> 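Got a structure here, written out as C-alpha cells. Questions coming.
Not measured: the values here are computed from a predicted model.
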Number of protein chains: 2
Amino acid sequence: MQKTSYEGMQCPIARSLERVGEWWSMLILRETLFGFTRFYELEENLGIAPNMLSRRLNALVEAGMLEKCAYTTRPIRYEYKPTDRARDFADVLLALLSFGNRHFAPEGKSVTVIHDETGIEAVPVMVDARTGIPLASPAYRWVAGPLASQSTRERYATDRRLGSSGLA
Amino acid sequence: MQKTSYEGMQCPIARSLERVGEWWSMLILRETLFGFTRFYELEENLGIAPNMLSRRLNALVEAGMLEKCAYTTRPIRYEYKPTDRARDFADVLLALLSFGNRHFAPEGKSVTVIHDETGIEAVPVMVDARTGIPLASPAYRWVAGPLASQSTRERYATDRRLGSSGLA
DNA sequence: CAGTATCCTGTCCGATACTG
DNA sequence: CAGTATCGGACAGGATACTG
C-alpha cells in the first residue's frame, strides 16, 4: 500500500483503494457505521494499537470519511462520526462480508445480514438500481469514458464484461 | 497488511481482506476477469514489476482465486484463469468502482458500467436478491451467528443496522 | 516471452511508554 | 480516557539483472 504505487492512478477502483485500502480502515469504518465512534470503543472492539488507531482515524478524517466532533469539553473529547461518504461505502463492506461468508468461512458464518421482518438471511448481490439486473452479468459492459487514459481506452475498446464465462 | 494482524480473525470482512486485501491483488483479479490472463498482458496493463506480479499471482492461485493453466508447451507457458471464486469477487470490485466514481473522480468518471442494450449508465447498489431491497437500509440487520466469538456476539446484541442515520 | 533472484525502500503495524 | 512519541519488525512493492 505504498503511495508511489497508486499516485496518479485514474482507475476508480485504485482510487478507492487509495483512500480506504488499508487493512484497518475498512474495519474502522464498519465500526463507526454501527455507532461505535469513540476511541476506546474502537480500540476495544478491534484490538488495534492506539497509535495505529490514531493514525488511521486521522487519515479517514482527511479522506472525508469521518468527521471529528467534540462530544464533551473539559476535558475535550472527540468522536468520529461517519460522513455520507462513509455511509456510501457500506456496499463495499457488504460485498466483502458476503464474499467472505461464501468462500472463507469453513466452520460457518459468524456474521450475516438478515431481513428484519422475516428473519430470513439476505442473499447479497450487486444490481443496477434502475433495472434490478445483476451487474456481474453479460447484460452489462464496462466502458472507458473520454477522461480515461489512452491505454485504458484501448483496453476497453473490445467488449469487457463480467459474468460471461467464455470471456478469455 | 501483516499476517499477524488478521490471523485467527473470524470476521468475514477481515477474512476476505486476508486473501485479497493487497493492493495489486484486486487489480489483477479485475484484469483476469476481463480476459487478460497472461503474464505479459498483466504486466503491461498494470505496469507492475515482474517480481511483484509473480508473487501476487502465486498468492492468488494459493487462495483459490486463479487457476494456473498451461496454454502452450515447448516452451511451457501458463495463463491464470479466474476461478468461480474470483468471479464471485466481482461484486466487491463493482462496489469499489462505484464508490470511487461517486467520491473520488474529481475530473469525471474514467470507467463506468453501462447497460448494453440501452447504453444507459448503471446505478450500482447492493440488494437482497430475494427481495430487491437495498441491504444498506434499516430493513436489514447484521447478526452474529453461534460461531461468532463471545465478544462479537455481545457487540451485535443490540440492533446493528446500516442506513439508519441516527444510529449512534 | 515468462518468469526468478537480489537488493532496497517505504510504511503498515505492533509493543510499549508517556502525557493531560 | 484519549491520545502522542518512539522503537523495531515484517513485508508490500520497486528497480534491476538474469535465465530458459
> Once you apply a heavy-atom cut-off of 4.0 Å, does A:Tyr40 come out as touching a base, just sugar-phosphate, or nothing?
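Answer is sugar-phosphate: A:Tyr40 comes under 4.0 Å of backbone atoms only.
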
> Given that both distances must come in under 3.5 Å, which nucleotide forms a Watson-Crick or G-U wobble pair with C:dG10?
D:dC11

> Is it the case that the side chains of A:Thr32 and A:Arg30 hold a donor-acceptor pair, with the cut-off being a distance below 3.5 Å and no angle test?
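Per modelled atom types, A:Arg30 and A:Thr32 side chains form no pair under 3.5 Å.
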
> Write down the distance between OH (A:Tyr78) and C1' (D:dT4), rounded to a whole number of angstrom.
14 Å

> Rounding to a whole Å, what distance do you find between B:Glu22:CD and C:dG10:P?
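Atom-to-atom, B:Glu22 to C:dG10, this comes out as 21 Å.
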
> Output the rounded distance in Å from CH2 (A:Trp23) to C1' (D:dG13).
20 Å

> Measure from CD on A:Glu43 to P on C:dG14 and round the result to the nearest Å.
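After rounding, the reported distance stands at 12 Å.
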
> Round to the nearest Å and state the distance from A:Leu60 atom CG to C:dC12 atom P.
12 Å

> Between C:dC13, D:dA2, D:dG14, which one does the side chain of B:Ile48 approach most closely?
D:dG14

> Can you see if the side chain of B:Tyr80 gets near the phosphate of C:dG3 - specifically, an N or O under 4.0 Å from OP1 or OP2?
yes

> Which whole-number value in Å describes the distance from A:Arg55 CZ to C:dC12 P?
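Taking atom P of C:dC12 as the reference, CZ of A:Arg55 is at 6 Å.
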
> Would a distance-only check, ignoring hydrogens and angles, find a side-chain to backbone donor-acceptor pair under 3.5 Å from B:Arg15 to A:Phe104?
yes

> So, B:Arg155 and B:Ser151: side-chain donor and acceptor under 3.5 Å apart, yes or no?
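No.
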
> So, OP1 or OP2 of C:dA2: does either fall under 4.0 Å of a side-chain N or O from B:Tyr71?
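Yes.
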
> With respect to the side chain of A:Trp24, which nucleotide from C:dG14, C:dA2, D:dT4 is positioned closest?
C:dG14

> Indicate for each nucleotide in nucleotides 15-20 of chain D, in 5' to 3' sequence, whether protein heavy atoms under 4.0 Å reach the base (B), only the sugar-phosphate (S), or nothing (-).
BB---B

> Any chance the side chains of B:His103 and A:Asp88 put a donor and an acceptor closer than 3.5 Å?
yes

> For D:dG20, which nucleotide is its Watson-Crick or G-U wobble mate, given both distances must be under 3.5 Å?
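Base partner found: C:dC1.
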
> How many angstroms lie between CG in B:Leu57 and CD in B:Glu79, if you round to the nearest 0.5 Å?
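Here the rounded value is 12.0 Å.
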
> Do A:Tyr78 and A:Thr37 have side-chain N/O donor and acceptor atoms under 3.5 Å apart?
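The criterion, which ignores hydrogens and geometry beyond distance, is not satisfied for A:Thr37 and A:Tyr78.
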
> Starting at atom CD of B:Glu18, determine the distance to atom C1' of D:dA12, rounded to an integer number of angstrom.
16 Å

> I need the CG-C1' distance between B:Leu57 and C:dC1, as an integer number of Å.
15 Å

> Once rounded to the nearest 0.5 Å, what's the spacing between atom CE of A:Met26 and atom CG of A:Leu60?
10.5 Å

